[in-house]
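Here is the structure we will look at.
Just so it is clear, the values below take in all heavy atoms, side chains as well, and ignore hydrogens, waters and symmetry mates.
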Amino acid sequence: MPRPVVTTAARRLALAALLVAACTTVLPTGTASADQGDGLRQITDGQGRTLVLRGLNTSSDAKGASGLPWIERRNVVAERQNLGSNVVRYVLQWKNIEPSPGRYDERHLDEIARRVAWYRQQGIHVVLDMHQDIYGPYACKGAGDGAPAWATITDGLPCTPQDPWVLTYLQPAVLRAYDHFWNNTGKHPELMQRYVAMWKHVAARFAKDPAVLGYDLMNEPFGGSKQFGSFEGPVLTPFYQRITNAIRQVDREKWVFVEPQALGVNEGFGTSLGQVRDPRVRAAAAKLLQQNAQRSGTGLTRLSDPSSRIVLAAHFYPGGVDIGGGYTGVMKALVQGEFVLWRQNMTAAAKRLNAPLWVGEIGGMDFSQPGAADFTRDWLSMADDLRVGWAYWSNDPSAKGSSETYAPLDREGTLTQVGKVMARPFPRAVAGVPTKISAGSGTFTVTWRSSRGVSGPTEIWLPATVFPGTPKVKATDRTHRWDPANRILSVWNDQGRTTHSITITRS
């Protein structure tokens, strides 16, 4: 999501709308307990460990003509070293992958693969994100990214870029482009068909790449003239199912990330997205039945991982922050209400969909705004409380001479004032199910419970800004090792113990 420059008039208009929404919102009931992280499924690695995936989006400038980010290899190294990143949400565009119907640009995919290799060398997982905003650059001149020209059908309707930028979604040409894509008009079913085939091609290309953890099917879907219940359930869910089915024909292992619609949900409203079924579960069940039919004994054969690998990849942009406001006074109170709504509704949705929850975009508050550091600490604490991962928007350094400060690292890889707040200890991988993640002043605590079949240690990244020396460790498990070069504390579960705890303090 780009960070717009918002005029005072537009900010007041948007704030008024936010106040109306806040005053008329009814909090959902029966959707969450005080400990809302309980019951959520986990994203796991090949050893069965829970992955707490935290890193950056790469990158806003990849929305440009080339479709490639600004980064060099050294920037990836700095991200791992200074922020502890173990994931990147890597921005792709349909227009660069399929410049004409059925013709894929393999040279462009080669360039993507070359950059993915940089992350692989640093042990950073990659989520490939098929990005779009305002449909694509051909729906409204001067705005948008995503779809190619041949897939943009506006019927000649007009479009003028708006301020704030999100109002451009309501321009006639943009609405018509979406309506044709979703076949709301009944005239262009081939557009969704081509998108599905494009994803199958991308998945086939990266199926064997160990760095690629999964595929984010569409950034912030927008339904055109159909919204909320008339879009997410009857249109978006079956569309995701078609893409997932196609991907599973060429890749049965990687995780599939599905996003609810952005409108309203980003700010905390509930989603009506339906459950996407993973074909790998049916295949595993069939294999299990076949194996047991061939056995003379009783009992079932345990498969390594027959479970669904569908992730709910929601975004979080409180309205007051997203329009350029600060985090103080009345605005802070309103945004804190959105924290509560988002947390309740997204954890409830993840449970309903039987999917892990991951925050694909979050943050993005200009640190020149009052209260920005507090806002950042609050969403970091919420993620800790829920034991979920996130990808910050974004890694783009501020333009030279700009007063805006969003990036956690500068072009040289040095932590900015944003990055110094975000450089926070976290467990990259947990040998079981995390039950508590808590960061205090110079203290960090993680607790977890064992899971069957899990191997390998729990790995905790400790930033030098918080733990400059060798950390002091108080743990229930006897074996742990500190790697000062990579700033990783590894802890091995004691055999026979089912619950585990470690508290780390400064030396």
Side-chain angles (χ1 to χ4, degrees), residues 1-6 54-72 75-76 78-79 83 85 87-97 108 111-112 115-116 118-119 124 126-140 142-147 161-166 168-169 216 218-222 257 259 262 266 313 315-317 321-324 359-369 372 376 379 390-413 416-419 422:
M1 176 174 287
R3 303 290 93 210
V5 176
V6 185
R54 299 187 176 181
L56 308 179
N57 277 267
T58 300
S59 61
S60 183
D61 77 332
K63 299 178 182 182
S66 73
L68 296 172
W70 63 274
I71 59 166
E72 299 176 3
N75 302 108
V76 177
E79 186 176 330
L83 285 175
S85 293
V87 73
V88 62
R89 183 169 177 261
Y90 186 99
V91 170
L92 313 174
Q93 289 191 70
W94 182 15
K95 71 177 180 64
N96 298 101
I97 295 169
H108 181 72
E111 287 298 317
I112 294 169
R115 288 160 177 79
V116 167
W118 298 346
Y119 291 98
I124 297 176
V126 178
V127 175
L128 297 177
D129 158 44
M130 201 63 65
H131 214 86
Q132 70 83 35
D133 296 291
I134 316 177
Y135 192 76
Y138 305 99
C140 191
D145 55 89
Q162 301 294 298
D163 180 17
W165 72 277
V166 293
T168 309
Y169 277 98
D216 191 334
M218 178 178 281
N219 178 69
E220 299 192 343
F222 182 76
F257 293 71
E259 299 187 26
N266 282 8
H315 295 182
F316 181 49
Y317 285 113
V321 171
D322 203 31
I323 63 173
V359 192
E361 287 188 26
I362 196 167
M365 186 176 182
D366 184 351
F367 260 52
S368 66
Q369 292 290 334
T376 304
W379 67 253
W390 45 260
Y392 176 84
W393 188 271
S394 69
N395 76 328
D396 293 281
S398 302
K400 190 174 183 179
S402 171
S403 62
E404 294 182 339
T405 50
Y406 296 108
L409 299 166
D410 63 21
R411 286 188 177 271
E412 302 308 313
T416 64
Q417 58 179 327
V418 184
M422 289 177 56

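Looking at every heavy atom in both residues, Gly55 comes nearest to Ser85 through CA-OG, 3.6 Å. Between Tyr138 and Ala147, the closest heavy-atom pair is CD1-O, 3.7 Å. Contact between Lys95 and Pro137 at its shortest, heavy atoms only, is CD-CG, 3.7 Å. What you find for Ala407 and Ser398 is that their closest heavy atoms are CB-N, 4.2 Å.
Under a 3.5 Å cut-off, the side chain of Asn96 and the backbone N or O of Ala65 do form a donor-acceptor pair. In terms of modelled atom types and a separation under 3.5 Å, the side chain of Asp366 and the main chain of Thr405 share a donor-acceptor contact. Using a distance-only test at 3.5 Å, with no hydrogens or angles considered, a donor-acceptor pair links the side chain of Asn57 to the main chain of Gly360. A donor-acceptor distance shorter than 3.5 angstrom exists from the side chain of Gln93 to the backbone of Lys63, with no hydrogens or angles considered. A donor-acceptor pair under 3.5 Å is formed between the side chain of Tyr169 and the backbone N or O of Ile134. Proximity of a side-chain donor or acceptor of Gln132 to a complementary backbone N or O of Tyr135 within less than 3.5 Å is detected. Panel note: side chain Ser59, backbone Pro69; no donor-acceptor pair is recorded below 3.5 Å.
For the atom pair OG of Ser60 and NE2 of His131, the computed distance is 7.5 Å after rounding to the nearest 0.5 Å. To the nearest 0.5 Å, the span separating CG on Asp61 from CD1 on Ile71 amounts to 9.0 Å. Note that the CG atom of Asn75 and the CG atom of Asp410 stand 9.0 Å from one another [nearest 0.5 Å]. Separating the CG atom in Asp396 from the OG1 atom in Thr58 is a distance of 8.0 Å, to the nearest 0.5 Å. Taking CE of Met218 as the start and CD of Glu259 as the end, the distance is 9.5 Å to the nearest 0.5 Å. Within the model, atoms CE of Met130 and CZ of Phe257 stand 14.0 Å from one another, a figure rounded to the nearest 0.5 Å.
Put simply, the side chain of Trp379 does not reach to within 4.5 Å of the side chain of Val359, judged on heavy atoms. A 4.5 Å side-chain heavy-atom check between Met422 and Trp390 finds at least one atom pair inside the cut-off. Side-chain atoms of Glu361 and Asn219, non-hydrogen and from C-beta on, do get closer than 4.5 Å to each other. Side-chain atoms of Asp133 and Trp165, non-hydrogen and from C-beta on, do get closer than 4.5 Å to each other. Leu92 places none of its side-chain heavy atoms less than 4.5 Å from the side chain of His108. With a 4.5 Å cut-off on side-chain heavy atoms, Met365 and Val418 do not count as touching.
Ring geometry for Tyr119 against Tyr90 counts as perpendicular: the plane angle is over 60°, on a 0 to 90° scale with 30° as the lower cut.
With Trp70 as the aromatic partner, Arg411 meets the cation-pi criteria of under 6.0 angstrom to the ring centre and within 45 degrees of the ring axis.
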Hey, mind stepping through Tyr392 and Leu83 against side-chain contact (heavy atoms from CB on, under 4.5 Å) and telling me if it holds? CA-CA 11 Å; Tyr392 176 84; Leu83 285 175; over 6 Å; no
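Defined by atom type and a distance below 3.5 Å, a donor-acceptor pair is missing between the side-chain atoms of Glu79 and Asn395.
Under the rule for a salt bridge (Lys or Arg N to Asp or Glu O under 4.0 Å), the partners of Glu111 that lie at least two apart in sequence or sit in another chain are Arg114, Arg115.
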